[in-house]
Amino acid sequence: MSLSAHAESLKQLASTIPDSDEKWVKVQTDARAIADGLRTRNGPVDNHTELGQSSLPVALTALLQASVRERQTSRAGTPSAAAFELLRLGANLCMDHDANRQRLLDAGYISVVSNILGSCWTHLPENSGTSTYSLLDLKVFKTAVGVLLNASVGYEPVQKTLLAAGTPLTILRVSSSLYPPGEWARALSSDVAGASGSQEKLDEWKWRSGLSSWSWRAIDILTDSGEEEETTTAPKEPIFGPDAIPSLITSLQGFLAPSKSNISPFVSPADIQVFIQADLDSLEQVSMLFESLSLDSESIRKVIAAPDPSSTPLQALVRFVELAEPPAYWDDSRVDGKDKQKWEKSLGTCKAALIKAVVTVAGEDKNMDVLWDDKDGGGWFVKKMLAWIRTHPKAIGVDYARDDLAICATLALGNLARKDSRCISLINPPFSIVYDLLPLLSPQADLKMKHGAIGLLKNLAQPAVNKGPLGDSGIIEKIIASKVWEKSADMAEVVQISAIGVAKHLCNGNLDNALRLVLSPADPATTPTGTQEIETGLDQILDLIKRSDSIALQSEATRVLVNVIKSLWQPNRSATGDSMRSNLDVIRSPIGPVSPVDPQHHQRRREAMEKVTDLDSTEPLAEMVGRSAKYPILLNEGVMALTLLSHTPTGAHCALQALTTPLPFNLSPSGVPSPPAANTSATSTPVDMLTIILRNPDKNFPMELRANVCVLLNGVVRSGKAHVKLVEDIKKKTMSALKALTEPANVGKGGEAETNGSNPQKILRSTAQKTLDTWDAITAPSS
C-alpha cells in the first residue's frame, strides 16, 4: 500500500472522526506507515512535498485533536497509540521542509501539539519523577516535543508562534517534571527495581531522558530566536520569566539529595552513560539560564532574592554552590574513570555559572536591603558569605580548599557593600572582616581570588573613617606583596585597576597610608644594601603606568600619585574636599605641619617627599594633563600635584621637563588620537594643554581650574628659574594667554557667569596678574 493510499485513508477517517478502537487502530496503522516512509528523502518521489500539498495536514490536525479528547475516555490506550503515530507523522512531514512547516502551522497542528504538552503539565502530580505515567504517555510527550523541535528549526513563523504562546515555559515544566536529574538512579536501583530489573522501567527512563534532551534542544532554538529578534528591534524580556524559576531549581536537586550507588545490574554501562549525560546536559542548561536570566532581567533578580529565607531561590543556588557534589553512582564500576573526570569538570563549570548568578543577584540595587538584614547580624546571606571567606584560609594548601566559595563571597559582599554604613560595619565587630581577607591576597592566590578580595576592599576603603584601620591592618603591604602590579599580572587589568583603586582611596588624605605605599618594600624580606634602593608599592605603580597601553589604567594609577603627593605635602588635608578648589593657599604654605610632631615620622615623610620628587612622578602627571581634555577633574588633580612638587628647585626642574616633553604620538591636547608627527616641529606637549585651558576656547573649563593653571605656571617658573631654556619655552607658549586673562573683557569668556566683578573672575584675573608679575621680577642668570 502506497503512502498516498495511507494518506487517503487518514483523510477518510478524519472526515467522520473515529468512534471505535478498530478505527483508532486503523489511524495508528496508516499514520505509522506514512511516518516510516517519510523518515528518508532520497526516493524517486518527493513524498514530503506531495503529501504536504494535499489536505493531509488538515486531516492530521483533526485526528490528533480527536485523539486528545479520546484519551480522557475508557479507550485511552488506543487513541494514545494513534496520537503517538500521528505525532511521528507530523514530525517527519515537516523535517527540513519549510513549506510543510507553514502548512501544519496554518492547519492548527502546531497549536494542538503545544496543547498536548500543556495538558501534560496541568495534570502532572507534584512528584512526577515517580509518577504513574505509562510508557505510551511518555512516548506521546517526547514525540510532541520532537514535532515542535522539527517545526521550529530555522523557521521563524513557527518560532514566533511558540514564543507568543509561552511554549518554552511549558516545555521546561514538562521536561523538568518528567526527568528530574538523578531520579533514574533511585528508580533503577537494586532496592527499587530489584537485581533482575524491569525492561519496561528501563525503557521508561530512556524515553524520559530522551524527552529531556529534545526539550533542551527546542528551548535552545527558541532562545536563540528571541535573541536574534532583539538585535533588530527594541530589546525584549528573556523568554523565561520568574514563573520558570521553580522548574529550573528542580534540576539542581539531584546533585544535593543523597544518591543511590547500587544501580541494578541489568542497567548497562551504555545506559548509565546516557542517563548521566542527560543529567549533566540538564544541569548545564539550567546553570547557563540562571546566569543569563540574572544578567538580563531585573524581575528575575528580585524573585531569586525573595525575602522569605525558607523559600528564596537564592538559598537553593547557594546550597548548590556549596554542597553539590558528584553523585555516588559516578563511582559505579561500570563507569569509565576518564568520563568521571570530564563530568566533574562539567559540574565545576555549572557551579561557576551559578556563582555568577549569585553575584549578579547581590548586585541588584533593589536587593541590597533584602539581602542585608541589620537586625539579624547581616541576615542569612551575609552570614553565609562571611563563613565562606573565613573558612577558606584554614583550607589553603590542602585538597579541600574552595577558592570558588571565597571568590563568590567576596564579589557578593562587594556588591552589597555599596553604602558607607555597611562598609564601616564590615571592618568593625561583629564582622571584622579585614583580617580574614589578608590571606586571600597571598602571592600564590589565584587572580580571581585576588579580584574578589581587592574589589571588596576597594569599597571598604572609601569611607574616611575606614582608611586608618585598613592601613593599620597591613592591607597596603599585602597588596604590594601580592604581585598584582607586576608584569606577570598584566593580563588581569581589571584586578590591577581595582588594586589601584584601593591605594587611591587609602592614600587620599591619609599620610600614614601614603608613607606605606611610597616606602614599604614590595618584598617584606628585602633590606637595602649600600646605595641600592628597594622596590616599593609606588615603584610598582609607576612601572605599571609605563608598561600599560590602557588610558583608563594610566589615569587611575596617576591619581594614586596625586593623592600621595597631596597627603605628603598637606598631611592635615581632609580626604573629602572640593576637587576644583584653588591652589592659592598651596603657594603660601606648600608644606603643611604634622601634628603632633614625631621626629621619626617627620623624617619618613621627608624621605617619601624626596622619593616622589623626580621625573618618574612628574612625567605621568604631565601626561595625564596632556590627555585629559574631556575630564576637568583629572586636569585639576594633575595641575595641583605638579604645583606641590614645584615648590623646590628639584621638583620644579622635573615639572618643567615633563611639561615640555612631547606627548606620546597617540595623545594630543585635544584629547583626540593623532598619528605621529613626521617632518614637523609642532609636536604637542602638556604645556600646550595648559594654554588651551587658559584660553578656554570651547568654554569647557571651570574658572577654578584656569586659576590653578596660573598658580602652577607661577610656581614652576619661580622655583625652576635656573633652567632658562625650559622656562623660556613655558613662557613663550603661555604668555599671551595669561595676558589675555588680565584684561577684564576676556576673563568671563569661559562659560561662567558674566556678572562684573564676580569673585571667581576677580580671583582668576588676580592670579594671572600675579603670575606675570612673578615672571617679570625674575632675572635670568647670566650664562
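- A donor-acceptor contact shorter than 3.5 Å is absent between the side chain of H6 and the backbone of T29.
- At most 12 non-hydrogen atoms from other residues, nucleotides or ligands lie less than 6.0 angstrom from CZ of R319.
- S346 and E284 share a side-chain donor-acceptor pair at under 3.5 Å.
- In summary, the side chains of S176 and S251 do not present any donor paired with an acceptor at a separation below 3.5 Å, with no hydrogens or angles considered.
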Step-by-step side chain to side chain donor-acceptor pair (under 3.5 Å) determination, D98 to Q102: CA-CA 6 Å; D98 285 351; Q102 186 62 50; over 6 Å; no
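- In this structure, Q285 CD and F290 CZ are separated by 13.0 Å, a value rounded to the nearest 0.5 Å.
- Listed for the S213 side chain is no donor-acceptor partner under 3.5 Å among the backbone atoms of S209.
- Across A306 and T312, no two heavy atoms sit closer than the pair O-CB, 3.3 Å.
- Closest non-hydrogen pair, I116 versus A144, comes out as CG2-CB, 4.5 Å.
- Side-chain contact between D203 and Q199 is present, with heavy atoms from C-beta onward closer than 4.5 Å.
- Using a 4.5 Å heavy-atom threshold, the side chains of V174 and S215 count as separate.
- The main-chain N or O of L93 is found under 3.5 Å from a side-chain atom of N100 such that the two form a donor-acceptor pair.
- Remark: L354 CG to M288 CE distance equals 11.0 Å, nearest 0.5 Å.
- Using a cut-off of 4.0 Å between Lys/Arg side-chain N and Asp/Glu carboxylate O, R41 and D96 are scored as not salt-bridged.
- E322 and W388 share a side-chain donor-acceptor pair at under 3.5 Å.
- Using the six-membered ring where Trp is involved, W207 and F84 have ring planes that are perpendicular, over 60° apart on the 30 and 60° scheme.
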Side-chain donor/acceptor pairs under 3.5 Å, residues 358-367, sequence neighbours excluded:
unit_1	atom_1	unit_2	atom_2	d
T360	OG1	K356	O	2.7
E364	OE1	R301	NE	2.8
E364	OE1	R301	NH2	3.0
E364	OE2	K366	N	3.2
D365	OD1	R418	NH1	2.7
D365	OD1	R418	NH2	3.3
K366	NZ	E298	OE2	2.8
N367	ND2	R301	O	3.0
N367	ND2	V361	O	3.0

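- Judged by distance alone, the side chains of D281 and Q277 do bring a donor and an acceptor atom under 3.5 Å apart.
- Residue K448 places its NZ atom among 12 or fewer non-hydrogen atoms of other residues, nucleotides or ligands, all under 6.0 Å distant.
- Side-chain contact between L163 and P168: present, with at least one pair of heavy atoms (C-beta onward) separated by less than 4.5 Å.
- In this structure, the separation between CG on L60 and CD on Q65 is 12.5 Å, given to the nearest 0.5 Å.
- At a cut-off of 3.5 Å, with distance as the only test, no side-chain donor of T223 or D220 sits close to an acceptor on the other residue.
- Judged by distance alone, with hydrogens and angles left aside, the side-chain atoms of S15 form a donor-acceptor pair with the main-chain N or O of Q12 at under 3.5 Å.
- By the side-chain hydrogen bond (donor to acceptor under 3.5 Å, both in side chains) test, E200 pairs with no residue at all, sequence neighbours left out.
- In terms of the side-chain hydrogen bond (donor to acceptor under 3.5 Å, both in side chains) criterion, residue partners of D279 (sequence neighbours excluded) are, by chain and number, Y179, W184, Y329.
- D490 is linked by a side-chain hydrogen bond (donor to acceptor under 3.5 Å, both in side chains) to Q496, R547, counting only residues two or more places apart in sequence or in another chain.
- Side-chain atoms of Q159 come within 3.5 Å of backbone N or O of S152 as a donor-acceptor pair.
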Trace of the side-chain contact (heavy atoms from CB on, under 4.5 Å) decision for D331 with K340: CA-CA 8 Å; D331 290 322; K340 183 184 176 184; 2.3 Å; yes
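- Atom CD1 of I221 is separated from atom CG of L162 by 10.5 Å, given to the nearest 0.5 angstrom.
- Atom CG of L135 sits about 10.0 Å away from atom CZ of R208, to the nearest 0.5 Å.
- At distances below 3.5 Å, at least one donor-acceptor pair connects side-chain atoms of S268 with backbone N or O atoms of D271.
- Side-chain atoms of S67 come within 3.5 Å of backbone N or O of L64 as a donor-acceptor pair.
- Listed by chain and number, the residues in a side-chain hydrogen bond (donor to acceptor under 3.5 Å, both in side chains) with N115 amount to none (sequence neighbours excluded).
- Smallest separation of non-hydrogen atoms from C94 and R101: O-NE, 3.1 Å.
- A salt bridge links R402 with D404: the distance from a Lys NZ or Arg NE/NH1/NH2 to an Asp or Glu carboxylate oxygen falls below 4.0 Å.
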Test side-chain contact (heavy atoms from CB on, under 4.5 Å) applied to V145 and L148, step by step: CA-CA 5 Å; V145 173; L148 300 183; 5.8 Å; no
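- Side chains of Y109 and R103 form no contact here, defined as non-hydrogen atoms less than 4.5 Å apart.
- A distance-only check finds no donor-acceptor pair linking the side chain of S9 to the backbone of A5 [under 3.5 Å].
- In this structure the side chain of F255 never reaches within 4.5 angstrom of the side chain of E325, judged on heavy atoms.
- Rounding to the nearest 0.5 Å gives a distance of 12.0 Å between OG of S177 and CD of E183.
- Of all the heavy atoms in L56 and K11, the pair that sits closest is N-CE, 3.8 Å.
- Listed by first then second residue, pairs satisfying salt bridge (charged side-chain N to carboxylate O under 4.0 Å, His left out) with a partner in residues 23-36 read D19-K23, K26-D30, R32-E85, D36-R88, not counting sequence neighbours.
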Report the C-alpha separation of S4 and E50 in whole Å, then their side-chain angles, then the decisive distance to 0.1 Å, and conclude whether the side chain to side chain donor-acceptor pair (under 3.5 Å) test is met. CA-CA 9 Å; S4 298; E50 182 178 302; 3.1 Å; yes
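- In terms of heavy atoms, N47 sits closest to L38 at CB-CD2, 3.9 Å.
- Considering all non-hydrogen atoms of both residues, T143 and W214 come closest at CA-CZ3, 4.3 Å.
- A donor-acceptor contact shorter than 3.5 Å is absent between the side chain of T49 and the backbone of D46.
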Side chain to side chain donor-acceptor pair (under 3.5 Å), that's the test. Do S297 and S299 meet it? Break it down for me. CA-CA 5 Å; S297 172; S299 61; 2.9 Å; yes
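- When atom types are taken as modelled, the side chain of T61 and the backbone of P57 share a donor-acceptor pair closer than 3.5 angstrom.
- A 4.5 Å side-chain heavy-atom check between L447 and M491 finds at least one atom pair inside the cut-off.
- Looking at F275 and L202, their side chains come closer than 4.5 Å, going by heavy atoms from C-beta outward.
- At a threshold of 4.5 Å between non-hydrogen side-chain atoms, the residues E156 and K160 count as touching.
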